[in-house]
Amino acid sequence: MNILVINAGSSSLKYQLIDMTTESVRAKGNVERIGLDGSVLKHQYNGNGKAEIKQDVQDHLEAFKLVIKAITDPEYGVIKDISKISAVGHRMVNGGERFIDPILLTDEIIETMKNEVIEFAPLHNPGALMGMEACRKLMPDTPMVVVVDTEFFKTLPRYAYMYGLPYDVYTQYKIRRYGAHGTSHKYVSLRAAKMLGKAPEEVKLITCHLGNGSSISAVSHGKAIDTSMGFTPLEGLIMGTRSGDLDPAVVTYLMEKKGMSPSEMNDYLNKESGILGISGVSSDLRDVEDAAVAGNERAQLAMDMLCYRAKKYIGSYIAALNGVDALVFTAGIGENNATVRNGICQGLENLGIKLDLEKNKVRGIEADISAEDSKVKVFVVPTNEELMIARETRSIVEGQN
Ligand code: ADP
């Protein structure tokens, strides 16, 4: 059974074709710069085969046609025709409170989503919906499932997802904490339970998804009970270009001082702050780490702030969970950056977390990096959101038959 996983953004369309018998990737790639000059499809097939198609792509429908051409191409394709695709799984970042569980896609559902969910992820959801529409046009008879990233956080208790604002902003505007990266937190928490040799229901975990966008979740017995991102992905950790937690008074003060409009302020907090804004070097932590090593004090400050904020979240989630069995690192930084993992874990010995500095040198593979005498296990687990989406898609489609 082949499942095609689609992650569509406003100007990009990422795809993976997964063989579910072996859970292996047959082909994957990305159409970049949809609707812009210089669109290109970068395609990988059968492990290390690579192809690049440079072709102007006006919209998601054209992008999707190109994807199908790539995966069925006689030279670099992996299937003969689209009848070999059993189902398609679409990623959606946030479906508000209306769309939470994975759902079989129909034209009516797409229409309802257009009316009801765009505002919950204005940067992501329009692209995702265009991807779904394009896909349905080209493969009308193939079952499709939408997997919503916030699904994993549906188990957050009300006292964790409500803000300390007047209650009617929740009833009127649905302002509450939704979280993000749920598919990744779910995948790595399932892996971590396996690495502990236990069922997910038997363990308490803290999962750290540290990438360009970053979030930490507390997972109790298979269920997320808290997470650091909120109404939008701006809340929580210090990220590549996002400020994370902030005294809200700073926002209104700065808007007055700098004469900024709400959308300018939104861009300022989401695109110019965080590691980039503090260091003045880059949003990419590799550059910032190099600068810090070379003596750049602001770069070092940015690294220190990132680690300190993450450490505080871990401490508070140990309290929320009343203890933890394993701490899990994933995503670009979590999987690859030993300095950050060490910076976060240092000083947590009293809470039972101790790294083995040799083992911590690992990059990009599943590993136990905790010291022999660490009470809490510390794991590196490469995330695999696409596989998680494919599994959920299969389970919904098989449930229909
Ligand atoms: P996104 O959130 O956009 O998916 P990633 O998960 O790829 O991003 O994370 C991007 C961050 O991870 C960057 O700060 C980058 O420095 C770091 N990163 C990604 N890959 C590596 C790597 N191979 N080695 C070191 N750092 C990496």
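The analysis underlying the following values was restricted to heavy atoms, covering all of them including side chains, and did not include hydrogens, waters or symmetry mates. Counting starts at 1 for both ligands and their atoms, in listed order.
- Residue pairs meeting the salt bridge (Lys or Arg N to Asp or Glu O under 4.0 Å) criterion with at least one member in residues 198-219, sequence neighbours excluded, do not occur.
- The side chain to side chain donor-acceptor pair (under 3.5 Å) test applied to Tyr170 returns Glu97, not counting sequence neighbours.
- The closest side-chain donor-acceptor pair between Ser215 and His185 falls under 3.5 angstrom.
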Between ligand 1 and the protein, tabulate every N or O atom pair separated by less than 3.5 Å, reporting distance only.
from	atom 1	to	atom 2	distance (Å)
ligand 1	2 (O)	Asn212	N	3.0
ligand 1	2 (O)	Gly213	N	3.4
ligand 1	6 (O)	Gly332	N	2.9
ligand 1	8 (O)	Asn212	N	3.4
ligand 1	9 (O)	Asn212	N	3.3
ligand 1	12 (O)	Ile333	N	3.3
ligand 1	14 (O)	Leu285	N	2.9
ligand 1	16 (O)	Asp284	OD1	2.5
ligand 1	16 (O)	Leu285	N	3.2
ligand 1	16 (O)	Arg286	N	3.2
ligand 1	16 (O)	Arg286	NE	3.3
ligand 1	24 (N)	Arg363	NH2	2.8

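- Taking the six-membered ring where the residue is Trp, Phe120 and Tyr178 present perpendicular rings, their angle passing 60° and hence far from 30°.
- Side-chain contact annotation: Tyr313 with Asp245, donor-acceptor N/O pair under 3.5 Å present.
- With sequence neighbours left out, Tyr161 forms a ring pair (Phe, Tyr, Trp, His ring centres under 6.0 Å) with no residue at all.
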